[in-house]
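Let me begin by presenting the structure, written as C-alpha cells, before commenting on it.
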Amino acid sequence: MADNSQKMSYHAGEAKGQAQEKASGMMDKANDAAQSTKETMQDVGQNVQAKAQGAADAVKNATGMNK
C-alpha cells in the first residue's frame with residue numbers, strides 16, 4: 001500500500017513540476033509580447049511626435065513665423 005501511495009505522490013509531484021514549467025514558459029512569452037508592444041508603441045510615439053513637429057514647422061514657415 002505504501003508503494004502505491006509513493007507512486008501516486010511521485011506522479012503528482014511530476015505533474016506539478018510540468019505545470020509549473022508550462023506556466024513559466026507562458027509567462028516568458030507574455031513578457032516578450034509585452035516588451036515588443038512597448039517598443040512598438042515607443043516607435044509609433046516618436047513617429048507621431050516627429051510628424052507633429054514637421055507640421056508645426058510647416059505652419060510657421062507658411063505664416064512667416066519662422067523668421
Side-chain angles (χ1 to χ4, degrees):
M1 193 68 149
D3 187 40
N4 204 16
S5 176
Q6 287 175 335
K7 283 182 184 178
M8 287 177 60
S9 179
Y10 172 80
H11 290 300
E14 203 172 45
K16 179 182 177 186
Q18 289 173 354
Q20 287 174 333
E21 177 93 15
K22 190 174 232 180
S24 177
M26 291 173 70
M27 286 301 296
D28 288 346
K29 286 181 181 179
N31 284 335
D32 290 347
Q35 182 64 31
S36 178
T37 299
K38 177 184 173 186
E39 290 168 2
T40 299
M41 294 307 293
Q42 286 174 337
D43 289 345
V44 168
Q46 289 173 350
N47 286 338
V48 169
Q49 185 178 12
K51 287 180 181 182
Q53 184 62 52
D57 290 342
V59 168
K60 287 179 184 178
N61 286 337
T63 59
M65 295 175 60
N66 209 16
K67 295 182 178 179

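- Alongside Val59, the hydrophobic cluster contains no other residue (criterion: ILVMFWY side chains under 4.5 Å).
- Among residues at least two apart or in separate chains, there is no side chain to side chain donor-acceptor pair (under 3.5 Å) pair with a member in residues 19-33.
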Can you give each donor-acceptor pair under 3.5 Å made by side-chain atoms of residues 34-44, sequence neighbours left out, with the distance rounded to 0.1 Å?
{"unit_1": "Gln35", "atom_1": "NE2", "unit_2": "Glu39", "atom_2": "OE2", "d": "3.0"}
{"unit_1": "Thr37", "atom_1": "OG1", "unit_2": "Ala33", "atom_2": "O", "d": "2.9"}
{"unit_1": "Thr40", "atom_1": "OG1", "unit_2": "Ser36", "atom_2": "O", "d": "2.9"}

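- The side-chain contact (heavy atoms from CB on, under 4.5 Å) test applied to Glu14 returns Tyr10, His11, Gln18, not counting sequence neighbours.
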